[in-house]
> 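Quick one: the structure is below, questions incoming.
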2 protein chains.
Amino acid sequence: MIEILKQHITNRLGKLPDNVDLVVPHFEEVIAKRGDFLLQPGEVCKYVYFIVEGCLQVFVTDKNGNESTREFYIEDQWATDIFGFQNQLPATEFIRCAEPSKLLRIHFESFQQLTNAIPQFSAIYKQILEVSYNNTVYRVNTLTSMDALDRIKWMMENKPKIMARLSSKLIASYLGISAETLTRLKSKI
Amino acid sequence: MIEILKQHITNRLGKLPDNVDLVVPHFEEVIAKRGDFLLQPGEVCKYVYFIVEGCLQVFVTDKNGNESTREFYIEDQWATDIFGFQNQLPATEFIRCAEPSKLLRIHFESFQQLTNAIPQFSAIYKQILEVSYNNTVYRVNTLTSMDALDRIKWMMENKPKIMARLSSKLIASYLGISAETLTRLKSKI
DNA sequence: TTAAACTCTTGACATTTATCAAGAGCCTGG
DNA sequence: CCAGGCTCTTGATAAATGTCAAGAGTTTAA
């Protein structure tokens, strides 16, 4: 399990085995079942999660209790409430396992320490932040500039793994439509 | 005009007058009319803009040519195509003046130089990135979890200046609804 | 193994929002 | 200062999507 993290980090730090060995011991293995919550609104997020296997769903609930998914994260990706984590402020979102998951988590203190001590680690963080921001910008633009059918097509092209693995209900909650509408529109493609 | 930038930077760097004097000379004044474009899709964004006065609209167009605004930026804020700028890749969004604007811009080369040379400048960048990301996350969640009326109320509470200054058409393009729907729903509040 | 709980699909209908059109008011540049 | 072009509003209608309900199939956990 740790091997996968080493691989991931080495790919990004370049071959700096010393750094890898400084970083990896700060991570802790977590095995979580489908439905387990890693974060709830109001809590302060204390960890960044690296996903070795499985899928995490980041979502909010509306005034009627319906879930809206902002993002799914799968193998080889990082998930956290970035803003709440960095500023140690209460979260506004849920993070929950959408599949049974194997995770590696790093605590806030360790994360800060590594960011200060290892410039390459800090650079990885900046890169993750920039890519996350870019994805979210894209997401706003698809939500406001595409109709439901085009969003479904977009997702099939750009998130085929997620589309294939998760339930219609979850996918619909990501697309901002009801599960019934998803069923009906899919038959039109 | 430069004074306002000095103020802005000093507030964030703390009182480090030496740093301020290293940073400020890299900025160049730009006066732009309403409707002037600062960036179009396909172009590589070469500048970060600091807004001294006015308003910038960041938007995309859909397959029918309708505009969808991702964000408005006003006085004392920074605007750019962050991802395209950092990676010097073609933009996917437009940036246009929604009002006559007084801007200060810094070129990519200078920006990189300052980021490398001055840790506090780098820290400001990281902070802007985190806040931008957080805002965009919030924006996704309001778009997917609120109906049009609640989004209007949200905007009146959270973006009163923009709501007051810009045309219905622009505000509607931010809310993801037509200008007619905005008119009708506003009368229900 | 089996009952309960979920999931997907489909139908009927309601609701929300868009589109098209027209008129009144108001900027705004030549 | 005035004509053309925006902007806002309102009405009529259309289109997109949601909600509720029911049945068949599938998974899950005791």
Side-chain angles (χ1 to χ4, degrees), chain A residues 31-36 54-55 57 59-69 72 96-101 142-156 162-189, chain B residues 31-36 54-55 57 59-69 72 96-101 142-156 162-189:
Chain A
I31 305 292
K33 293 193 296 292
R34 184 158 80 97
D36 284 355
C55 178
Q57 176 198 12
F59 68 100
V60 294
T61 55
D62 67 19
K63 59 186 174 187
N64 303 317
N66 296 314
E67 297 178 2
S68 301
T69 300
F72 294 110
R96 188 176 58 191
C97 295
E99 295 178 339
S101 303
T142 57
L143 284 168
T144 54
S145 74
M146 290 181 184
D147 61 22
L149 188 57
D150 285 341
R151 293 204 297 278
I152 294 171
K153 290 178 183 169
W154 184 90
M155 194 171 174
M156 292 195 310
I162 287 170
M163 200 83 188
R165 278 157 59 167
L166 303 183
S167 71
S168 289
K169 193 180 162 191
L170 287 176
I171 292 166
S173 84
Y174 179 83
L175 292 168
I177 57 179
S178 69
E180 293 94 330
T181 297
L182 177 56
T183 293
R184 282 186 254 259
L185 291 180
K186 266 204 288 192
S187 71
K188 286 194 185 175
I189 296 178
Chain B
I31 305 292
K33 293 193 295 293
R34 184 158 81 99
D36 284 355
C55 179
Q57 176 198 12
F59 68 100
V60 295
T61 54
D62 67 18
K63 59 186 175 188
N64 303 317
N66 295 316
E67 297 178 2
S68 299
T69 300
F72 294 109
R96 188 175 56 191
C97 295
E99 295 177 339
S101 303
T142 56
L143 284 168
T144 54
S145 74
M146 290 181 185
D147 61 22
L149 188 56
D150 284 341
R151 292 205 297 278
I152 294 171
K153 288 177 183 168
W154 184 89
M155 192 169 176
M156 291 195 310
I162 287 170
M163 199 83 186
R165 277 158 58 168
L166 302 183
S167 70
S168 289
K169 193 180 161 190
L170 288 175
I171 292 165
S173 84
Y174 179 83
L175 292 168
I177 57 179
S178 70
E180 293 94 331
T181 298
L182 177 56
T183 294
R184 281 187 255 259
L185 291 180
K186 266 203 289 190
S187 71
K188 286 194 184 174
I189 297 178

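Chain letters run A, B, ... following the sequence lines, proteins first, then strands; residues in each count from 1.
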> Would you say the side chain of B/Ile152 lies within less than 4.5 Å of the side chain of B/Ile189, judging by non-hydrogen atoms?
yes
> Would you kindly give the NZ-to-C1' distance between B/Lys169 and D/dC8, to the nearest whole Å?
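After rounding, the gap between these two atoms is 13 Å.
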> Under 4.0 Å from any atom of DNA chain D, heavy atoms only: list the residues of residues 175-188 of chain B that qualify, in numerical order.
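The answer is B/Glu180, B/Thr183, B/Arg184.
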> Looking at B/Asp147 and B/Lys153, does any basic side-chain N land under 4.0 Å from a carboxylate oxygen?
no
> Backbone N or O of B/Asn64 within a donor-acceptor pair of the B/Asp62 side chain at under 3.5 Å?
yes
> Given D/dC8, is OP1 or OP2 found less than 4.0 Å from the side-chain N or O atoms of B/Ser168?
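Yes, because at least one side-chain N or O of B/Ser168 sits under 4.0 Å from OP1 or OP2 of D/dC8.
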> Which pair of non-hydrogen atoms, one from B/Ala148 and one from B/Ile177, has the smallest distance, and what is that distance?
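Answer, listing the atom of B/Ala148 first, then B/Ile177: CB-CG2, 3.8 Å.
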> State plainly whether the residues A/Arg96 and A/Glu67 are in salt-bridge range, i.e. N to O under 4.0 Å.
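Counted as a salt bridge, because a side-chain N and a carboxylate O are separated by less than 4.0 Å.
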> Whole angstroms only, please: what is the CG-C1' distance between A/Leu149 and D/dT17?
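Nearest whole value for this atom pair: 13 Å.
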> Could you go through B/Ser173 and B/Thr69, starting from their C-alpha distance and side-chain angles, then the distance that decides it, and tell me whether this counts as side-chain hydrogen bond (donor to acceptor under 3.5 Å, both in side chains)?
CA-CA 5 Å; B/Ser173 84; B/Thr69 300; 2.5 Å; yes
> Taking all non-hydrogen atoms of both residues, which atom of A/Leu170 and which atom of A/Phe72 are closest, and how far apart?
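Residues A/Leu170 and A/Phe72, closest heavy atoms: O-CZ, 3.6 Å.
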> Reading DNA chain C in the 5' to 3' direction, which nucleotide is the first one with an atom under 4.0 Å from a heavy atom of chain A, and which is the last?
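The contacted stretch runs from C/dC8 to C/dA12.
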> Both B/Asp147 and B/Arg34 contact DNA chain C. Which one's nearest nucleotide lies toward the 5' end?
B/Asp147
> Can you name the closest pair of heavy atoms from A/Arg151 and A/Thr142 and give their distance?
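Smallest heavy-atom distance, with atoms named: CD-O, 3.5 Å.
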